[in-house]
Protein chains: 2
Amino acid sequence: MVETTRRREIEAVASSLFHERGYAGTSVRDIARALDIQGASLYAHVASKEEVLWAIVDRTAIRFEAAADAAAAATAGRDPASRLEQLVRAHVAVVTEDVQRASVFVREWRSLAREPRMDIARRRDEYERRFRAVIDDGIATGAFAAVDVTAASAFILTALNGLVSWYRPGGRLGEAEIADAYAHLALAALRDSVPER
Amino acid sequence: MVETTRRREIEAVASSLFHERGYAGTSVRDIARALDIQGASLYAHVASKEEVLWAIVDRTAIRFEAAADAAAAATAGRDPASRLEQLVRAHVAVVTEDVQRASVFVREWRSLAREPRMDIARRRDEYERRFRAVIDDGIATGAFAAVDVTAASAFILTALNGLVSWYRPGGRLGEAEIADAYAHLALAALRDSVPER
DNA sequence: CCTACCGATCGGTAGG
DNA sequence: CCTACCGATCGGTAGG
């Protein structure tokens, strides 16, 4: 499938509907109706409903990965707290940049067929590993308290992902405020409460 | 609808399927098949598919509310940190006690029709308000850092709810370990990093 | 991008 | 709890 304007419109509209009603709760005709075309006409642009979900999920996964890569590159060699802070800020930026797509990525990837679902599962694990590695380092250096790394990374990552269920563009809290607050909360959660003594 | 054994079995099976595939992704026949009866036979026990979702969601909402009530009652008059700790522990307990139902409550309440959905939305707001109130108090007393209360309560509550997507009964981390870790993380996230000086 | 159409499945009812 | 059945809708194809 070539990347036409129409194709991009379809993905935008689908992201919005999948975000609101979920993948299974959205029909191909719902998407078509939002574009003022017939349901069957959609198939001139996409191979299947699932292919649209895949396009949204894969692209968004790439954004998260690229943002985390950039954060890691920018903070290489620095202390764990700074590295985690940038990972958190990168994640918040990707979510706020496009909540609908981020929401579909976070919530609807389970609706994919076996193979693509396993691909995403693997990439999510990889992504989580970045957080775990930084937390591990922080515990090793004494910057972070000796918490259970699985629980801590799950706590922080699900909090970050939870942003998709409450962030509203144009709301009182913009991306900058949320990034600051979330970076502070995540770091404070991990930081050893009695650092120097 | 009277509460028969069959009725309870239906809700248990439906919780499991809704947890795995979502409400919209689960058919009435899927539920019936898991019970070894015909799809139409389900209607001898339930009025509609949505009524089953409502039963699960409403009961689970009641559990969260009751657990928070008990936590609040047990810590009335105490310091904000202790009160928040017990709210966190209560939440973790309800999730781990029945992940499937908790997961359906957290993820699928949006699939309800307008009226029940608004009822749940209202009760979720009410529930969040308990967290906000304690956080507000903690900031007022100086026990907590002066974070944005909306961001902080959303961060913590979505982290708590995120447990439904990774908790596995019988896994390495049991309810006690998770409750300890999550209570620590939530309190540390809020605590003023330089309390006495 | 449309019309016309496909088989399959959806939630649900009637009547036992 | 079953059989038999309902209209509506599902994702998708053929052929223009």
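So that the names make sense, note that chain A is the first sequence line, chain B the second, and so on, each numbered from 1.
For B:R78, there are no salt bridge (Lys or Arg N to Asp or Glu O under 4.0 Å) partners, not counting sequence neighbours. Residues passing the side chain to side chain contact (heavy atoms under 4.5 Å, CB included) test with A:A140, sequence neighbours excluded: none. Listed by chain and residue number, nothing satisfies the side chain to side chain donor-acceptor pair (under 3.5 Å) test with A:R168 (two or more places apart in sequence, or in another chain). In this structure B:F144 satisfies the ring pair (Phe, Tyr, Trp, His ring centres under 6.0 Å) test with no other residue, sequence neighbours excluded. With sequence neighbours left out, B:T96 forms a side chain to side chain donor-acceptor pair (under 3.5 Å) with B:E175. Checked against ring pair (Phe, Tyr, Trp, His ring centres under 6.0 Å), B:H91 has the following partners two or more places apart in sequence or in another chain: B:F64, B:Y127.
The residue among A:R33 and B:Q38 whose nearest nucleotide of DNA chain D is located toward the 5' end is B:Q38.
Scanning DNA chain D 5' to 3' for nucleotides with an atom closer than 4.0 angstrom to a non-hydrogen atom of chain A gives a first and last hit of D:dC10 to D:dT13.
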N/O donor-acceptor pairs under 3.5 Å from side chains in residues 181-189 of chain B, not counting sequence neighbours:
residue: B:Y182; atom: OH; partner: B:W166; partner atom: NE1; Å: 3.0

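At least one test fails for B:R107 against the ring of B:Y23: distance under 6.0 Å to the centre or angle within 45° of the axis. Both tests do not hold together for B:R63 against B:F105: distance to the six-membered ring centre under 6.0 Å, angle to the ring axis within 45°.
Put simply, the side chain of A:I62 reaches to within 4.5 Å of the side chain of A:R123, judged on heavy atoms.
An end-to-end axis angle of 10° holds for the helix from C:dC1-D:dG16 to C:dG16-D:dC1, taken from five base pairs per end and rounded to 10°.
Applying the salt bridge (charged side-chain N to carboxylate O under 4.0 Å, His left out) test to pairs two or more places apart or on separate chains, none has a residue in residues 151-162 of chain A.
The pair B:R130-B:D69 meets the salt-bridge criterion, since a charged nitrogen lies less than 4.0 angstrom from a carboxylate oxygen.
Taking every heavy atom of residues 23-30 of chain B and every atom of DNA chain C, pairs under 4.0 Å involve B:T26, B:S27, B:V28, B:R29, by number. Applying a 4.0 Å cut-off to non-hydrogen atoms, none of the residues of residues 8-22 of chain A approaches DNA chain C.
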